[in-house]
Q: 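Please find one structure pasted underneath; my questions will follow.
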Amino acid sequence: MQWETVIGLEVHVQLATHSKIFSGASTAFGAEPNSQACAVDLGLPGVLPVLNEQAVAMAVQFGLAVHADIAEVSVFDRKNYFYPDLPKGYQTSQMYHPIVGPGEVEITLDDDTTKRIRIHHAHLEEDAGKSLHEDFHGMTGIDLNRAGTPLLEIVSEPDMRSAKEAAAYLKAIHSIVTYLGISDGNMAEGSMRCDVNVSVRPKGQETFGTRAEIKNVNSFRFVERAIAFEVERQIELIEDGGTVVQETRLFDPERDETRSMRTKEEANDYRYFPCPDLLPVVLDQAYLDHLRGQLPELPADKRERFQHELGLSAYDASVLSASRDMAEFFEEAHRVCGDAKQAANWVQGELSGALNRENLSISDSPVSAKQLGELVVRVLDDTINGKAAKQVFQAIWHGEGDSADAVIESKGLKQVTDSGAIEAMIDQVIADSPAQVAQYRDAEPEKRGKMIGYFVGQVMKASRGTANPQQVNGLLKDKLDALL
Ligand code: ADP
Ligand code: MG
């Protein structure tokens, strides 16, 4: 039997407002527990929520970015449940009239093909507090700093068919919200978390299978691993004659498995009803137009432009447009050097390699886009060869010089193209290597091509890497062949 996987994601994005969605308390990460929860967040009697307009604007910008219908009227509802980290006894959310209606996102797969994933809707809601189990013996601490932090919950249609597609979708959402600047997208700090709905069905069958929902998966890698485990579990279960029950499961990254949390029978009845403390949100066309006018160029448009206007490969265009910081770095380097392909190579090669090695993000790069662009200029105008260029890069990276020109000057890396100077170095190397010259002379003609490498290496070394490699190759061949 051939099985098909069906996946739908509910992504919670923490919006980057300075204050909470219904109060003026700060949302800054990492503060002392309970130092950023005010009377509204604590749900004290007599307080009234006031909607943060910034959260509304951010939700609308997301909606516009995914070509969604924006609701003229959206309404906040109370989702009632009791939990220690929810002091009000209900979460203010949007159930019946969400702010963002149907839209779509384009994802890019490994083979550079694209696929559209439909978004069912996105709604605004508040986050709950955090239970702290580790610091207290036999007790649980509650930190309400996060209570009331604005979230945008983005609900997809069940359009994904593999773990890879789900990860690509999550990356696309991440890239859109960070481009828009409506979230820092920091998954390690919980700024983006997702619930993964997974089901399987026999290939060719129309109706969906019963799904399990895996809660709170917080990294791209975990999404893939949780799905891989869950798909295998469901297929095995069905093939052994069992049936999948609709339930909520938890992913345990340490054991690489999902475990049941609660089944549908135990699920809460939230008794949603419109929040009487908050007015419906009414948006007019002028407001939407104003926000539309502030949208930056989005990742899909950038990718398209990088590929079709700058002539980059689909792969390069997709890598360089995935993060806004990376895209802006590349564009600045390109502006300075004027060669898109070279700028792309350096950003994805030497620069990304160095950043990965030191675990730095591109915004913390010790080499600026301008410095990299100027370095590329010196490669393009033949002032330095490729080998010296890497040395220059390393020198700027380690703070040994402010610009490519300064390093080239101070380290004497200017490429030697004066054939007289190169010939003198070649003569010296030949004179110093009688044994290798004899071997070269005695070798079969077709093997000599390979043997020339030794001499090239010696000459490059003698020039401290600055000789023009093409000239060295050509002149060496002439001189060695003259000895035959
Ligand atoms: P609920 O109202 O119980 O949250 P929804 O119908 O809103 O359920 O779906 C929630 C999420 O689950 C959506 O992202 C949707 O795409 C996904 N989903 C729904 N049915 C399936 C299914 N059979 N297999 C996989 N995902 C599904
Ligand atoms: Mg749901």
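Both counts, for ligands and for their atoms, begin at 1 and track the order of listing. Keep in mind that the numbers below use all heavy atoms, side chains included, and drop hydrogens, waters and symmetry copies.
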Q: So between Ser199, Ser156, Cys194, Ala212, whose heavy atom ends up nearest atom 22 (C) of ligand 1?
A: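 The option holding the nearest heavy atom is Ser199.
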
Q: Counting from 1, what ligand 1 atoms have a heavy atom of Gly209 closer than 4.0 Å?
A: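 What qualifies from ligand 1 is 23 (N).
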
Q: Leu9 heavy atoms, cut-off 4.0 Å: which ligand 1 atoms fall inside?
A: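 Counting atoms of ligand 1 from 1, those under 4.0 Å from Leu9 are 14 (O).
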
Q: Would you mind running through ligand 1 and noting each atom that sits below 4.0 Å from a heavy atom of Val155?
A: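 Under 4.0 Å from Val155, ligand 1 has these atoms: 13 (C), 14 (O).
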
Q: Under a 3.5 Å threshold, yes or no: a donor from one side chain and an acceptor from the other, between Thr92 and Arg78?
A: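 No, because no side-chain N or O of Thr92 sits under 3.5 Å from a partner of the opposite role on Arg78.
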
Q: So if I count the atoms of ligand 1 from 1 in the order they appear, which ones are less than 4.0 Å from some heavy atom of Val6?
A: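 So the answer, numbered in order with elements, is 24 (N), 25 (C).
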
Q: Does the N or O separation between Asn197 and ligand 1 drop below 3.5 Å for any pair?
A: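 Yes, since at least one N or O of Asn197 sits under 3.5 Å from an N or O of ligand 1.
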
Q: Tell me the contacting part of Asp159 for ligand 1: side chain, backbone, both, or neither, using a 4.0 Å heavy-atom threshold, strictly below.
A: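 Answer for Asp159: neither.
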
Q: Quick one: does Val198 get an N or O within less than 3.5 Å of an N or O on ligand 1?
A: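 N/O-N/O distance under 3.5 Å: no.
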
Q: If you take the nearest heavy atom of each of Arg211, His120, Met160, Arg201, which one is closest to atom 21 (C) of ligand 1?
A: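 Nearest heavy atom to atom 21 (C) of ligand 1 lies in Arg211.
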
Q: By number and element, which atoms of ligand 1 are closer than 4.0 Å to a non-hydrogen atom of Glu157?
A: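 Every atom of ligand 1 under 4.0 Å from some heavy atom of Glu157: 16 (O).
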
Q: Donor-acceptor pair, distance only, cut-off 3.5 Å: does the side chain of Ser35 make one with the backbone of Glu32?
A: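 Checking the backbone N and O of Glu32 against the side chain of Ser35, a donor-acceptor pair under 3.5 Å is found.
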
Q: Mind running ring pair (Phe, Tyr, Trp, His ring centres under 6.0 Å) on Phe251 and Phe222 for me, showing each step along the way?
A: CA-CA 8 Å; Phe251 177 63; Phe222 289 173; 5.6 Å; yes

Q: If we ignore hydrogens and angles and just use 3.5 Å, is the side chain of Gln2 paired with the main-chain N or O of Pro202 as donor and acceptor?
A: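 Answer holds: no.
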
